[in-house]
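Some notes on the structure that comes next.
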Amino acid sequence: MNPTAELTDRDATRTRLEEHLVSLPGNRLLIGLDVDGTLVDHDGVMSPPMRRVLQKAAHEHVVVISTGRSLGATLPIVQAAGITSGYAVCSNGAVTLELDPEADGGYRIIDTRVFQPGHALRTLRDVAPDAHYAVEKADGSFHATTGFQDSSFGVQAQERPLDDLLELEAVRVVVHVPDLTPQEFSRVIAESGVHGVEYSIGWTAWLDMAAPGVSKATALETVRESLGVQLEHTVAVGDGFNDTEMLQWAGVGVAMGQAPQGVKDVADIVTDSVYEDGTVLVLQTLLR
């Protein structure tokens with residue numbers, strides 16, 4: 001693509017964003033931002049322009065980092081961004097933090113939503129016996145079946161037999177089947193008849209389960225109500241299927257350019273991809 005065409009495309013994106021966001025600058029906004037594929041690329045890299053505009057947004061508005069990552073994997077993003085105010089919704093809405101430089105570690109946990117995953121895990125074990133399982137507890141610790149470690153946990157998982165995991169109280173359960181495609185895994189989940197928990201399947205054969213009714217959107221709504229921000233003054237940006245609820249919840253939901261079509265379909269507007277700093281364009285528009 002030649003530079004002129006690239007500039008034209010970026011200008012077109014700015015114009016689309018302004019049409020949806022034009023009435024918002026000047027108001028106190030609550031801005032929910034996904035992490036992977038939104039604030040950082042899929043290698044975990046945050047661009048310098050993203051860091052600069054995120055700090056400015058956190059100074060002028062209420063920024064809520066909203067991610068499927070655990071507490072331990074979210075805090076490094078907050079620290080790398082250099083923001084010290086606002087909130088973070090972790091584990092797809094199961095854990096909510098208030099950022100406060102005066103608090104121990106720079107944050108305090110203000111809400112957790114726990115559940116008993118035993119029934120769901122027993123059911124899944126019957127239909128996916130080769131899966132890896134991990135349970136995240138409210139304190140941020142992870143307990144997983146043998147060999148299941150992942151950077152998204154943010155901590156080293158303690159290896160335990162699946163029978164032990166059945167008895168734990170969880171804020172999130174992760175199920176991963178390396179040898180299945182997401183489509184195949186979706187069929188397995190559908191056939192399992194798992195109910196009583198919320199789940200989302202992303203880019204791989206990976207299942208996140210939370211307490212019934214819990215999502216990024218429910219956590220964002222709790223923060224919004226506590227602050228008295230009007231719903232029409234909320235914006236959410238994301239790229240994954242675990243973002244769909246918050247994109248529908250927000251006054252304006254923005255999907256990233258690389259998002260699957262199913263995510264774009266529920267959004268009000270689509271920005272550029274994370275590799276083109278699509279979130280930077282959104283925040284720049286809101287800061288005018």
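Just so we're clear, the structure is a prediction, and the values are computed from it rather than from any experiment. Counting from 1, the numbers follow the sequence of the chain as shown.
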(message) So does Gly257 get a backbone contact from the side chain of Lys264, meaning a donor-acceptor N/O pair under 3.5 Å?
(response) yes

(request) Enter the distance from Ser91:OG to Met209:CE here, rounded to the nearest 0.5 Å. (result) 13.5 Å

(message) So that I can tick it off, tell me whether Arg125 and Asp163 are bridged by a salt bridge, with the cut-off set at under 4.0 angstrom between side-chain N and carboxylate O.
(response) yes

(message) If hydrophobic clusters are built by linking Ile, Leu, Val, Met, Phe, Trp and Tyr wherever their side-chain heavy atoms come under 4.5 Å apart, do Val62 and Leu24 end up in the same one?
(response) no

(message) Hydrophobic clusters here meaning ILVMFWY residues chained together by side-chain heavy-atom distances under 4.5 Å, can you tell me if Met246 and Val214 are in one?
(response) no

(message) To check you understand the geometry: which heavy-atom pair defines the closest contact between Arg51 and Met46, and what is its length?
(response) NH2-O, 3.6 Å

(message) Hydrophobic clustering (ILVMFWY, side-chain heavy atoms < 4.5 Å, transitive) - are Ile83 and Val235 grouped together?
(response) yes

(request) Can you spot which of Val135, Thr145, Leu168 makes a side chain to side chain contact (heavy atoms under 4.5 Å, CB included) with Arg160? (result) Leu168

(request) Apply the side chain to side chain contact (heavy atoms under 4.5 Å, CB included) test between Leu286 and each candidate in Asn27, Leu17, Leu29; give the one that qualifies. (result) Leu29

(message) Under the rule for ring pair (Phe, Tyr, Trp, His ring centres under 6.0 Å), what residues qualify as partners of His119, not counting sequence neighbours?
(response) His195

(request) Decide yes or no on side-chain contact (heavy atoms from CB on, under 4.5 Å) for His59 and Leu287, but give the supporting numbers first. (result) CA-CA 10 Å; His59 179 71; Leu287 294 172; over 6 Å; no

(request) Determine whether Gln156 and Gln149 make a side-chain contact, defined as any pair of heavy atoms from C-beta on separated by less than 4.5 Å. (result) yes

(message) Given Arg69, which partner from the list Asp36, Thr74, Asp34 fulfils the side chain to side chain donor-acceptor pair (under 3.5 Å) test?
(response) Asp36

(request) Using a strict cut-off of less than 4.0 Å between a Lys/Arg side-chain nitrogen and an Asp/Glu carboxylate oxygen, indicate whether Arg16 and Glu19 qualify as a salt bridge. (result) no

(request) Would you mind checking if Glu167 and Arg122 are paired as a salt bridge, meaning a charged N to carboxylate O distance below 4.0 Å? (result) yes

(request) Quick one: closest heavy-atom pair of Ser70 and Glu136, and the distance? (result) CB-OE2, 3.5 Å

(request) Taking the side chain as every heavy atom from C-beta outward, state whether Leu281 and Asp272 have any pair of such atoms under 4.5 Å apart. (result) yes

(request) Quick one: sort the His176 and Trp206 rings into parallel, tilted or perpendicular, breaks at 30° and 60°. (result) tilted

(message) I want to check something: taking the side chain as every heavy atom from C-beta on, are Leu97 and Leu75 in contact at a cut-off of under 4.5 Å?
(response) yes

(message) Applying a strict under-4.5 Å side-chain criterion to I, L, V, M, F, W and Y, I'd like to know whether Val35 and Leu71 cluster together.
(response) yes

(request) Keeping the roles fixed (side chain from Ser66, backbone from Val64), state whether a donor-acceptor pair exists under 3.5 Å. (result) yes

(message) Tell me whether Glu159 contacts the main-chain N or O of Gly147 through its side chain, where contact means a donor paired with an acceptor under 3.5 Å.
(response) yes

(request) Indicate yes or no: at least one non-hydrogen side-chain atom of Thr84 is less than 4.5 angstrom from one of Leu99. (result) no

(message) If you compare all heavy atoms of Leu180 against all heavy atoms of Glu184, which two are closest, and at what distance to 0.1 Å?
(response) CA-OE1, 3.4 Å

(message) Can a side-chain donor-acceptor contact be found between Glu221 and Thr218 if the only test is distance below 3.5 angstrom?
(response) no

(request) Give, for atom CG of Leu162 and atom OH of Tyr133, the distance between the pair rounded to the nearest 0.5 Å. (result) 6.5 Å

(message) With rounding to the nearest 0.5 angstrom, report the CG to OG1 distance, Leu231 to Thr234.
(response) 4.5 Å

(message) Is there a side-chain contact between Leu124 and Leu207 in this structure, where contact means two heavy atoms from C-beta onward sitting under 4.5 Å apart?
(response) yes

(request) With rounding to the nearest 0.5 Å, note down the distance linking CG in Leu21 to CZ in Arg14. (result) 12.5 Å

(message) Using the rule given for side-chain contact (heavy atoms from CB on, under 4.5 Å), can you reason through Met256 versus Thr271, listing the C-alpha separation, both sets of side-chain angles and the distance that settles it, and then say yes or no?
(response) CA-CA 5 Å; Met256 299 297 294; Thr271 187; 3.8 Å; yes

(message) Could you walk me through whether Gln183 and Ser186 satisfy the side-chain hydrogen bond (donor to acceptor under 3.5 Å, both in side chains) test, starting with their C-alpha distance in whole Å, then the side-chain angles of each, then the deciding distance to 0.1 Å, before giving a yes or no?
(response) CA-CA 5 Å; Gln183 293 75 23; Ser186 293; over 6 Å; no

(message) Let me confirm one number: the CG-CG distance from Leu39 to Leu283, rounded to the nearest 0.5 Å.
(response) 8.0 Å

(request) State, yes or no, whether a side-chain contact exists between Val40 and Ile77 at a heavy-atom distance under 4.5 Å. (result) yes

(request) Hey, could you give me the CD/OG distance between Glu60 and Ser85, rounded to the nearest 0.5 Å? (result) 11.0 Å

(request) Could you go through the side-chain contact (heavy atoms from CB on, under 4.5 Å) check for His42 and Tyr275 one step at a time? (result) CA-CA 9 Å; His42 291 291; Tyr275 296 102; 3.8 Å; yes

(request) Please answer: with hydrophobic residues joined when any side-chain heavy atoms are less than 4.5 Å apart, are Val237 and Tyr87 in the same cluster? (result) no

(request) List the atom of Ala131, the atom of Val175, and the distance in Å for their closest heavy-atom pair. (result) CB-CG1, 3.8 Å

(request) Carefully, step by step, assess Asp179 and Asp130 under the rule side-chain contact (heavy atoms from CB on, under 4.5 Å). (result) CA-CA 9 Å; Asp179 297 330; Asp130 297 326; over 6 Å; no

(message) Tell me whether Glu225 contacts the main-chain N or O of Thr222 through its side chain, where contact means a donor paired with an acceptor under 3.5 Å.
(response) no

(message) Checking the side chain of Gln258 only, and the main-chain atoms of Val274 only, is there a donor and an acceptor separated by less than 3.5 Å?
(response) yes

(request) Could you pull out the closest heavy-atom pair between Thr285 and Pro25, with the gap in Å? (result) O-CG, 3.3 Å

(message) Could you check whether any side-chain heavy atom of Asp41 comes within less than 4.5 Å of a side-chain heavy atom of Met50, counting everything from C-beta outward?
(response) no

(message) More than 12 heavy atoms of other residues, nucleotides or ligands under 6.0 Å from CG of Asp139: yes or no?
(response) yes

(request) Report yes if the side chains of Leu33 and Leu54 come closer than 4.5 Å at any heavy-atom pair, otherwise no. (result) yes

(message) With a 3.5 Å distance limit and no angle check, can you tell me whether His20 reaches the backbone of Asp268 through a side-chain donor-acceptor pair?
(response) yes

(request) Write down the atom of Phe142, the atom of Arg172, and the distance for their closest heavy-atom approach. (result) CZ-NH2, 3.3 Å

